[in-house]
Structure formats: structure tokens, C-alpha cells
Amino acid sequence: MKSPVHRCRDVEHGRGQAGGGAGTNCLQPEQRIPISKDVITSSSASAMWFIRDACGIMCAVITWLLVLYAEFVVLFVMLLPSKNLTYSIMNGTLFNSLAFLALASHVRAMCTDPGAVPKGNATKEYIESLQLKPGQVVYKCPKCCSIKPDRAHHCSVCKRCIRKMDHHCPWVNNCVGENNQKYFVLFTMYIALISLHALVMVAFHFLYCFEDDWTKCSSFSPPATVILLILLCFESLLFLIFTSVMFGTQVHSICTDETGIEQLKKEERRWAKKTKWMNMRAVFGHPFSVFWFSPFSTPDHGKAETYQYVV
């Protein structure tokens, strides 16, 4: 925990505050300063957002390659050689639709500003424009020189303070925050669904090949077919477990209105408690509709939320 003297380096105080020592000022009772969300919304929120991180870019490319590999095996090893046209069309349509939604959700999660606080706005002139009263203080982030609202945390990869930051995910090469959590949840959900679907199809295809001739159940040689199916089975099982756990933790985080970082640091709750349904609507939009499941629909959060600059 920071000492009072250390904390004073990152805060600005209102003028006319009683007491001469900086350490005395930092020991004043906490006072929240409500400021409109528009003030702390980065100008990049409506622009293209992309993190130039080599590790994140590599993980994102690997994600796409794994999905495309699954597409290749499902289509060219299992569905196209099948004699049952109805089975091929139904499963091909379902798998490709889910895969398309998964990749679209991945792009939206990766290229959406997660809720970055304007960089370098912690200037003397800007802080004076807030008209702080005696006893009121604001946090400044010493790393990106921005005024830090409540529930914002600095990301060392994005090099920005992110509102309601849950964690930085290398698989989407972005932070999961206030503005893109919906897309990240959809991404994990659709990846889990196509993984489950692929596992079921692999199981049926193995049974079909065992009952029939291996040379007729695939356009590839039997050894190649077995290897491709085993690799897909391993990939699907791994991603089903991983994304299901991530999906569950994200839904739990949304329902409890507590981000992963807040849970990890066991931060004191300073925000109003709302119902689980209200928390879900705050992330996916108002009101409930089929657009909750669409990565192409931007959530309507309704009236702009008032943020608190706090000590």
C-alpha cells in the first residue's frame, strides 16, 4: 500500500485547503468529484483502435489460423465427402455461421477502444478548470499523465488507463474494458460453441468411418484423415475448456459488477450496487434483444454514466 507521502505525488488538491503539509492534505477524508463521462472519453473512441504489441498480434494471428484450420477439417474432411447432403448442409451452415460470428466478435474486441482515458490531460490548466473545492483531490496517473477516474487501471501493454479494465487479453491483443467487454464475451461464447460442435462432428465421423470403409469416408488417405481429426479433436477440447471458463468468469464479473482486477486486488467497493439484470444491460445494452448476440451491434448504454474522480 502506498504511504501518504507517496500518494501525494499522484494527486492534485483544491486550493485553499487547510493545513500546510502535503502529508496532512493526503489524510483528508475521501471526497468524490462527479464529472461527465464525456470529459474522460478518449478521442480515439470513435477512431480505429489497434495495439502494436508483437506478442498480442502473434496470438491474434494464431487464433485466426486455428479457426481456419477447424474450418478446413470440418468442410473438406468431414462434410463435403459425406453422402448425406442434408447432414452436410445443416452442419456446414451452423458451423460456418458460428465461426463467422466468433471471428467478427474477435475483430470488434480487438479494434474497439476498451475505454481509454484521454492521455496527458492531467495538466495544471485542465485541473484548474475542474474547479476543485477545498478538501477535494483527484488522482493522476504518473505513467500516462492522465486524470484517473474511479475503477480505471493502467495497462502496461496498452500504455493507457482503461475504464473498468478487467484484464489485458493477448488473444484479442487488447484490454477488456468498459467498451468492448460485450464483444469479448461473445467471442468466448462463439468459440466455445464451435468447439463443442466440432467435437460432436468428429465423434460422429469416427463412428461413420469405423462402420464404413476409411477410404470412402474422406477424400484424404486414412492416416491423414486420422491425424487431421485427432488434431481438431485436441484443439476443440482445449478451446472448449478454456473459453467456457473465460465465458463463465466474464458473466460472473458482469453480474457482480466487479472486474477481474478489482477481485484480484480485493478493492473496496465505492460504486452503487445494482441488480444482476441491470449489470447485464449495462454491458450488452438496453433493452434485451437479439442484438445482444450480435458483434455488429454497438451497445446502447443509455444515459451517460457519471464517473467519480476519487482519492
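- Using a distance-only test at 3.5 Å, with no hydrogens or angles considered, no donor-acceptor pair links the side chain of Arg163 to the main chain of Ala152.
- In this pair, Phe288 and Trp292 present their aromatic rings perpendicular. The plane angle is above 60°, beyond the 30 to 60° band.
- Of the possible donor and acceptor atoms, none in the side chain of Asn180 sits under 3.5 Å from a partner among the backbone N and O of Tyr183.
- Note that CD1 of Ile241 is 11.0 Å distant from OG of Ser236, once rounded to the nearest 0.5 Å.
- In this structure Phe95 satisfies the ring-ring contact (aromatic ring centres under 6.0 Å, His included) test together with His197, sequence neighbours excluded.
- Note: Trp64 and His106 have perpendicular aromatic rings, judged against thresholds of 30 and 60 degrees for the angle between ring planes.
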- Which is it for Thr188 and Thr243 under the side-chain hydrogen bond (donor to acceptor under 3.5 Å, both in side chains) test, yes or no, and what are the steps along the way? CA-CA 5 Å; Thr188 57; Thr243 54; over 6 Å; no

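- For His252 and Phe247, the distance between ring centers is not under 6.0 angstrom.
- Without hydrogens or angle criteria, Ser88 side chain to Leu79 main chain gives a donor-acceptor distance under 3.5 Å.
- Within the 3.5 Å criterion, the main-chain N or O of Cys255 finds no donor-acceptor partner in the side chain of Lys274.
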- Where do Lys159 and Lys143 land on the side-chain contact (heavy atoms from CB on, under 4.5 Å) test, with the steps shown first? CA-CA 8 Å; Lys159 296 180 175 58; Lys143 297 178 181 178; over 6 Å; no

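- Atom CE of Met110 is separated from atom CD1 of Ile57 by 9.0 Å, given to the nearest 0.5 angstrom.
- Under a 3.5 Å cut-off, the side chain of Ser82 and the backbone N or O of Asn84 do form a donor-acceptor pair.
- A salt bridge links Asp257 with Lys164: at least one charged nitrogen is closer than 4.0 Å to a carboxylate oxygen.
- Checked by atom type and distance alone, the side chain of Asp166 never pairs as donor or acceptor with a backbone atom of Thr259 at under 3.5 Å.
- Ser105 contributes a side-chain N or O that, together with a main-chain N or O of Leu101, makes up a donor-acceptor pair within less than 3.5 Å.
- Looking only at distances, no side-chain donor or acceptor of Ser146 sits under 3.5 Å from a matching main-chain atom of Lys148.
- Note that SG of Cys217 is 9.5 Å distant from CZ of Phe206, once rounded to the nearest 0.5 Å.
- In this structure, Leu264 is not a member of the same hydrophobic cluster as Met165, with clusters built from ILVMFWY side-chain heavy atoms closer than 4.5 Å.
- Taken to the nearest 0.5 Å, the CG atom of Leu231 stands 7.5 Å off from the CD1 atom of Ile227.
- Taken from CE in Met78 to OH in Tyr208, the straight-line distance is 13.5 Å, to the nearest 0.5 Å.
- Between Phe76 and Phe72, the ring planes lie tilted relative to each other; the angle falls in the 30° to 60° range.
- A distance-only check finds a donor-acceptor pair linking the side chain of Ser253 to the backbone of Glu258 [under 3.5 Å].
- The shortest distance between side-chain heavy atoms of Phe291 and Phe296 does not fall below 4.5 Å.
- Without hydrogens or angle criteria, Asn174 side chain to Ala109 main chain gives a donor-acceptor distance under 3.5 Å.
- Tyr69 meets the ring-ring contact (aromatic ring centres under 6.0 Å, His included) test with no other residue; sequence neighbours excluded.
- For His154, the ring-ring contact (aromatic ring centres under 6.0 Å, His included) test picks out no residue, with sequence neighbours left out.
- Under the 4.5 Å side-chain heavy-atom criterion for Ile, Leu, Val, Met, Phe, Trp and Tyr, Ile261 and Val172 are members of distinct hydrophobic clusters.
- Not less than 2.5 angstrom separates the SG atom of Cys141 from that of Cys161.
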